[in-house]
Undergrad: 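This is the structure I have questions about; it appears just below.
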Amino acid sequence: MSTVRTTAELRAAVAAGRGAGPVGFVPTMGALHAGHESLIRRARSECALVVVSVFVNPTQFDDPADLDAYPRSAERDVAVAAAAGADLVFLPEAGELYPPGDATRVVVRGPLTESLEGAHRGAGHFDGVTTVVARLLNLVGPDRAYFGAKDAQQALVVRRMARDLRLPVEIVTCPTVRDADGLALSSRNARLSPAERERALSLSRALGACAEAIADGRLRHGAEAADAGLRALAAGGAEPEYFAVVDPETLEPAGPLEGELLLACAARVGDVRLIDNLSLTVPQFTDEPEAATREDRAPTAAT
Ligand code: PAF
């Protein structure tokens with residue numbers, strides 16, 4: 001396992017390792033947890049060379065305080081990445097990815113970036129994500145890049161960007177990793193006090209309760225389900241930003257609750273902003289609807 005800090009070193013190291021089989025890439029902002037480890041292990045199981053980047057990308061933060069507070073632990077991240085199977089860790093300074101005078105942005109327009117996170121964090125959030133991911137994909141040139149389903153909208157936006165730019169990379173989405181009590185793993189969880197962590201459970205609980213109510217037919221319309229989700233978030237002690245029931249490909253709000261659905265929410269707990277989501281399939285709209293969360297079935301490579 002080696003670490004590199006400059007784009008020149010990164011290109012040279014990837015060129016030296018390329019050829020033995022597919023190159024896998026896991027972009028991260030560090031503070032690695034078991035969710036990141038699962039992405040790196042998946043890449044390890046499918047690729048001959050596994051590259052991980054650790055870079056807290058300033059252009060995707062709408063709030064400077066959030067950027068300052070984002071946990072940073074580069075030394076530990078390198079050890080975690082190595083243990084999970086990475087061959088190469090890229091630890092750039094900001095100037096490596098944003099050279100002086102940088103004036104270029106990669107932007108995906110439309111409902112994919114303007115809804116949910118885009119509506120609440122501002123359109124600039126996804127512009128920052130797609131800009132840095134495009135630069136990283138361009139530098140690494142991977143065959144496969146791995147993203148977590150917890151950031152379902154991010155994975156959709158990145159997939160659309162890669163498709164539109166004709167990038168020769170497969171975007172692989174891996175299942176959300178959760179603590180035993182259901183809390184979705186996030187680097188931000190490290191900032192929760194024990195009492196806040198308890199309140200943070202309201203996200204996964206609201207999603208689960210809403211999915212259950214849809215499954216047993218108590219909720220039959222998207223707007224009604226979104227209202228119930230917002231109430232459940234608040235009742236659990238979080239400050240809701242949104243709770244949405246949408247089409248998992250277009251992110252358009254769902255009407256009658258049938259077929260493939262994505263339940264997505266964001267809420268603040270103290271100073272910490274958290275997101276979570278759940279995929280749900282309602283096979284058909286009958287008097288007694290049956291439903292299954294996709295997580296109940298064998299994990300799929302992509303959403
Ligand atoms: O999901 C993240 O950690 C970031 O948004 C990413 C993809 C590494 C881009 O900075």
Side-chain angles (χ1 to χ4, degrees), residues 7 10 24-40 42-43 50-63 66-67 69-74 76-78 80-81 84 86 88-94 96-98 102 105-108 112-113 116-118 120-140 142 144-162 165 167 169-177 184-191 264 266 272-277 302-303:
T7 54
L10 174 67
F25 176 48
V26 183
T28 80
M29 296 208 296
L32 299 189
H33 51 64
H36 298 110
E37 289 175 53
S38 77
L39 302 182
I40 299 169
R42 172 80 175 268
V50 176
V51 183
V52 174
S53 64
V54 174
F55 177 64
V56 182
N57 174 36
T59 62
Q60 71 188 74
F61 284 82
D62 45 315
D63 175 0
D66 194 23
L67 173 60
Y70 203 85
R72 288 159 172 88
S73 52
R76 184 188 158 275
D77 291 340
V78 171
V80 172
L88 186 61
V89 178
F90 179 44
L91 292 160
E93 293 295 329
E96 288 293 322
L97 291 172
Y98 295 100
D102 165 54
R105 290 291 174 271
V106 176
V107 176
V108 174
L112 274 194
T113 52
L116 307 181
E117 288 299 284
H120 287 264
R121 298 189 67 173
H125 167 64
F126 283 117
D127 297 354
V129 171
T130 43
T131 296
V132 80
V133 172
R135 286 173 195 208
L136 290 164
L137 292 175
N138 181 44
L139 288 164
V140 176
R144 296 188 188 127
Y146 296 82
F147 292 83
K150 186 176 79 66
D151 297 296
Q153 186 175 11
Q154 168 173 278
L156 278 178
V157 169
V158 167
R159 180 170 293 126
R160 173 65 63 85
M161 174 197 74
L165 293 179
L167 299 179
V169 60
E170 181 189 348
I171 304 299
V172 182
T173 309
C174 302
T176 301
V177 177
L185 296 195
S186 162
S187 303
R188 294 168 193 266
N189 293 354
R191 293 171 49 206
V272 185
R273 184 178 187 278
L274 298 170
I275 61 172
D276 198 356
N277 67 76
T303 54

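Hydrogens, waters and symmetry mates play no part in the numbers below; they use all other heavy atoms, side chains included. Each ligand, and each atom within it, is numbered from 1 in the order the structure gives.
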Undergrad: Which ligand 1 atoms, with their elements, are less than 4.0 angstrom from a heavy-atom of N57?
TA: 10 (O)
Undergrad: Using a 4.0 Å heavy-atom cut-off, say whether V158 meets ligand 1 through its side chain, its backbone, both or neither.
TA: neither
Undergrad: Find out whether V157 and H125 are in side-chain contact, i.e. whether some heavy atom of one side chain is under 4.5 Å from a heavy atom of the other.
TA: no
Undergrad: Can you tell which of K150, H36, Q154, M29 gets a heavy atom nearest to atom 5 (O) of ligand 1?
TA: Q154
Undergrad: Within a distance under 4.0 Å of any heavy atom of T28, pick out the atoms of ligand 1 and give their elements.
TA: 8 (C)
Undergrad: Does the pair T173 and R159 meet the rule for a side-chain hydrogen bond (donor to acceptor under 3.5 Å, both in side chains), with working shown?
TA: CA-CA 10 Å; T173 309; R159 180 170 293 126; 3.1 Å; yes
Undergrad: Can Y98 and N57 be counted as having a side-chain donor-acceptor contact under 3.5 angstrom?
TA: yes
Undergrad: Answer yes or no: does an N/O atom from Q60 fall short of 3.5 Å to an N/O atom of ligand 1?
TA: yes
Undergrad: Is there side-chain contact between L137 and M161, with heavy atoms separated by less than 4.5 Å?
TA: yes
Undergrad: Less than 4.5 Å apart, side chain to side chain, heavy atoms only: is that true for F126 and Q154?
TA: yes
Undergrad: List every atom of ligand 1 that sits less than 4.0 Å from any heavy atom of V132, numbering the atoms from 1 in the order shown and giving each element.
TA: 9 (C), 10 (O)
